[in-house]
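What follows is a set of notes on a single structure, which appears directly below.
The figures here come from the full heavy-atom set of this structure, side chains too, leaving out hydrogens, waters and symmetry mates. Below, chain A is the first sequence line, B the second, and so on; all start at residue 1.
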Amino acid sequence: MNKMVDQEQKIEKVERIRHSASHVMAEVVQSLFPDAKFGIGPVIDNGFYYDFDLPRSLTPDDIPIIESKMAEIIAQNLPFTSEEVSREEAKGTFAAQPYKLELIDEIPEEQMGIYRQGSFIDLCRGPHVSSTGEIKAFKLLSIAGAYWRGDEKRPMLQRIYGAAFETQGELEHYMEVIAEAAKRDHRKLGQELDLFSFHEEAGPGLVHWHPKGATVRRVIEDFWVAEHIKRGYEIVNSPHIAKIDLWKTSGHWELYRENLYSPMDVDGQEYIIKPMNCPAHILMYKTRLRSYRELPIRWAELGTVYRYERSGVLHGLTRVRGFTQDDAHIFCRPDQLEDEVVDVLEFAIYMMRTFGFEEYKIMLSTRPEKYAGTIEIWEKATETLERALKRVDLAYEVDPGEGVFYGPKIDISLRDALGRTWQGPTTQVDFNLPQRFDVTYVDVDSVAQPVVMVHRTVLGSMERFFGCLIEHYAGSFPAWLAPVQAMIIPIADRHMDYAQEVAAELRADGLRAQVDMRAERMNQKIRQAQLQKIPYMLIVGDNEASSAEVSVRLRSGEDLGRQTINAFREMAGSAISQKTT
RNA sequence: GCCCGAGUGGCGCAAUGGUAGCGCAACCGACCUGUAAUCGGUAGGCUAGCGGUUCGAAUCCGCUCUCGGGCUCCA
């Protein structure tokens with residue numbers, strides 16, 4: 001209990017420090033640029049930022065200059081003082097600050113807070129530390145453009161990001177986490193481990209899966225298919241292009257236009273590349289009448305879709321223009337919805353646990369301003385989702401108004417090994433498409449009823465999930481996923497034949513085994529296998545060749561010593577089938 | 001899309017107006033080695049693309065492409 005109170009006070013303290021650091025930074029910027037216009041300077045995770053409108057662009061060279069001037073102010077230990085002023089007084093004080101004036105106009109109360117330190121005055125509700133000397137550990141990280149109030153129609157300001165903590169040790173720890181994150185960056189590991197590439201010649205945001213990346217993907221996909229079949233799904237496939245009219249019926253042409261690629265002409269008809277798989281599944285559903293007895297129908301597809309994304313938003317595997325959704329559509333009756341959602345949530349969590357994610361954050365997004373269907377139907381579905389969440393006993397938060405126009409949704413984000421969050425599985429109820437396509441089932445009384453449709457993924461997309469997995473495991477995939485599971489390392493050329501025999505035997509067992517045939521020393525081969533993060537290194541020399549054994553080294557550096565090929569097959573086989581290490 | 005920054009052999013980097021270098025990888029040869037880099041040699045770049053300034057451009061300027069940090073948006 002006391003610990004919790006301490007924790008809360010600590011959070012408050014560190015937030016004061018961060019907020020104060022942003023004011024000190026603003027003071028420096030003001031001294032450097034007397035004409036600077038100030039935006040906002042809030043506290044964020046691990047630090048702070050401040051937005052400025054400046055006469056010239058900041059460059060990375062400005063960072064150390066601003067940093068050292070901040071240190072001077074901190075050394076002077078200037079007090080932070082606050083006062084309450086009226087709206088009119090505030091307007092007078094900030095007469096030359098258009099962004100502040102805009103903020104003042106939006107404050108509902110007539111009295112507002114002003115904080116000063118040194119020569120800097122800011123509109124601010126506080127709180128701050130009592131004097132600048134309390135800012136013990138900070139570092140400026142980067143500069144970036146940011147629209148005023150996040151609105152791209154408004155001016156672009158210059159933002160400086162900084163980190164700040166209570167102690168130097170915490171700051172250093174944070175900088176280490178950043179460095180560790182850089183080491184795990186899936187874009188870097190993707191190149192080093194020969195997993196995938198992008199090409200200027202092919203176009204941005206288009207992933208090329210190399211053999212090793214494709215192997216990991218195939219293992220995931222095989223597992224995915226098997227798990228779906230276990231849970232009563234059927235696997236389907238649908239084409240990559242369709243006539244534009246299909247997308248007009250679905251509403252995508254009207255409502256999702258900015259993400260669609262231009263139509264192409266095929267025999268005088270316009271076609272577009274699919275941005276989603278749902279219309280295809282609906283067409284298949286509608287090939288005959290469906291009885292209430294055959295619902296729910298669960299159709300899953302690893303469906304590759306293409307969506308136009310603005311050039312500036314592309315990012316490695318996590319934001320691309322062509323990707324494969326691990327999609328499924330559940331067609332069910334209203335009374336089945338809750339059970340179906342429960343099953344989907346349990347399925348999604350099972351998948352996440354299998355891949356080593358133990359922590360998640362679950363968001364329930366409710367009706368946005370623009371929506372299809374009626375308020376009653378939305379409320380009913382939202383309640384159903386909440387009941388399902390309670391049944392699976394998962395903590396969740398409500399994100400009001402963040403649902404898609406066609407229905408409420410549950411998003412699961414994952415916390416990786418470094419504590420960062422990734423968007424993962426999603427479950428969305430859809431009222432729109434069944435209506436637009438007239439998707440029905442024949443009920444007990446032989447009357448056609450609208451079907452309830454659920455879109456869901458349990459991984460998200462193959463690309464994004466793979467990127468997340470790479471960083472989560474830092475490229476050291478557990479044996480069941482590793483593209484090369486065992487590297488056989490002959491000590492001298494005369495051991496090549498035996499190495500090949502071992503490899504053949506392991507491959508016959510389904511193991512992904514290779515021999516390092518290069519004319520290199522054993523140490524070099526071990527180093528390479530180590531850098532490639534291969535789970536098992538099997539060293540073979542005279543001793544092993546004469547006794548049908550292998551010497552097993554793990555990538556942890558641990559030397560397990562000699563064992564028979566059969567003993568190794570058993571050990572590796574069990575680690576792989578249990579999906580451990 | 002917008003703001004800022006960057007783009008040099010497969011990869012990592014050097015050369016800031018004066019004939020483009022280094023390491024790793026690759027290739028060839030030698031070595032035959034017991035748990036994270038053996039030695040020697042060879043080859044490879046019209047410096048992302050196009051245009052301009054200059055006697056002379058990797059270097060300065062403009063446009064385009066791609067990448068990175070953000071904003072906005074999303075699987």
Please check the phosphate of B/A75 (OP1 and OP2 only) for any side-chain N or O of A/Q325 closer than 4.0 Å.
no
For the residue pair A/H23 and A/H19, categorise the inter-ring angle as parallel (less than 30°), tilted (30 to 60°) or perpendicular (more than 60°).
perpendicular
Return no unless some side-chain N or O of A/Q528 is found under 4.0 Å from OP1 or OP2 of B/A25.
no
Nucleotide of B/G5, B/G34, B/C74 approaching A/R307 most closely (side-chain heavy atoms)
B/C74
Using the 3.5 Å cut-off, write out each protein N or O paired with an N or O of nucleotides 27-30 of chain B and the distance between them.
none

Determine the Euclidean distance between corresponding C1' atoms of B/G40 and B/C31; express it in Å to zero decimal places.
11 Å
Of the candidate nucleotides B/C3, B/A36, B/A75, which contains the atom at the shortest distance from the side chain of A/R553?
B/A36
Do the ring planes of A/H186 and A/F196 sit parallel (below 30°), tilted (30 to 60°) or perpendicular (above 60°)?
tilted
Please test A/H455 against A/Y406 for ring pair (Phe, Tyr, Trp, His ring centres under 6.0 Å), starting from the C-alpha separation and ending with a verdict.
CA-CA 11 Å; A/H455 309 248; A/Y406 53 73; 5.3 Å; yes
Among B/C11, B/U35, B/C32, find the nucleotide with the atom closest to the side chain of A/A492.
B/C32
Could you tell me whether the side chain of A/S551 has a donor or acceptor atom within less than 3.5 Å of a complementary atom in the base of B/G34?
yes
Measuring only between side-chain heavy atoms, which start at C-beta, is A/L506 closer than 4.5 Å to A/Q485?
no
Dot-bracket for RNA chain B, 5' to 3', counting Watson-Crick or G-U wobble pairs under 3.5 Å, with [ ] for crossing pairs and | for inter-strand pairs?
(((((((..((((....[..)))).(((((.......))))).....(((((..]....))))))))))))....
Should the side chain of A/R310 and the base of B/C74 be counted as holding a donor-acceptor pair, with the cut-off at 3.5 Å?
no
Proximity of A/W378 and A/F431 rings by center, below 6.0 Å:
yes
From C-beta outward on A/Y308, which listed nucleotide comes closest to its side chain: B/G1, B/C4, B/A25?
B/G1
With a 3.5 Å cut-off and heavy atoms only, can you find an N or O donor on one side and an acceptor on the other between the side chain of A/D542 and the base of B/G34?
no
Has A/Y161 got a side-chain N or O lying under 4.0 Å from the OP1 or OP2 atom of B/C71?
yes
B/C4, OP1 or OP2 - any side-chain N/O from A/S57 closer than 4.0 Å?
yes
Centres of the A/Y50 and A/F48 rings: under 6.0 Å?
no
What nucleotide, of B/A75, B/G70, B/C65, holds the atom closest to the side chain of A/A144?
B/G70
When only distance counts, do a donor and an acceptor, one from the side chain of A/Y147 and one from the base of B/G1, lie under 3.5 Å apart?
yes
Between B/C71, B/C32, B/G69, which nucleotide gets closest to the side-chain atoms of A/R494?
B/C32
Could you check whether the side chain of A/E258 and the base of B/G1 have a donor-acceptor pair of N or O atoms closer than 3.5 Å, going by distance alone?
no
Is there side-chain contact between A/T354 and A/E227, with at least one heavy-atom pair below 4.5 Å?
no
Selection from B/U35, B/G69, B/C2 that lies nearest to any side-chain heavy atom of A/I539:
B/U35
Is the shortest side-chain N/O distance from A/S311 to OP1 or OP2 of B/G1 below 4.0 Å?
yes
N or O in side chain of A/R187 less than 4.0 angstrom from B/G68 OP1/OP2
yes
Between A/W422 and A/F357, does the ring centroid distance fall short of 6.0 Å?
no
Let me know which of A/R231, A/R456, A/R298 forms a salt bridge (Lys or Arg N to Asp or Glu O under 4.0 Å) with A/E340.
A/R298
Classify the ring geometry of A/F347 against A/Y233: parallel below 30°, tilted from 30° to 60°, perpendicular beyond 60°.
tilted
Please determine, for the side chain of A/I491, which listed nucleotide (B/C73, B/G34, B/C65) has the closest atom?
B/G34
Row check, A/F165 ring normal vs A/R18 NZ/CZ: under 6.0 Å, within 45°
yes
Measuring from the side chain of A/R521 (C-beta onward, heavy atoms only), which nucleotide among B/A36, B/A75, B/U38 has the closest atom?
B/U38
Using a cut-off of strictly less than 4.0 Å, decide whether A/H495 has a side-chain nitrogen or oxygen near OP1 or OP2 of B/G34.
no
Minimum-distance nucleotide to A/N523 side chain [options: B/C32, B/U35, B/A75]:
B/U35
Return yes if the base of B/C73 and the side-chain atoms of A/R319 contain a donor-acceptor N/O pair under 3.5 Å, otherwise no.
yes
For nucleotides B/C24 and B/C39, find the distance between their P atoms and express it as a whole number of Å.
9 Å
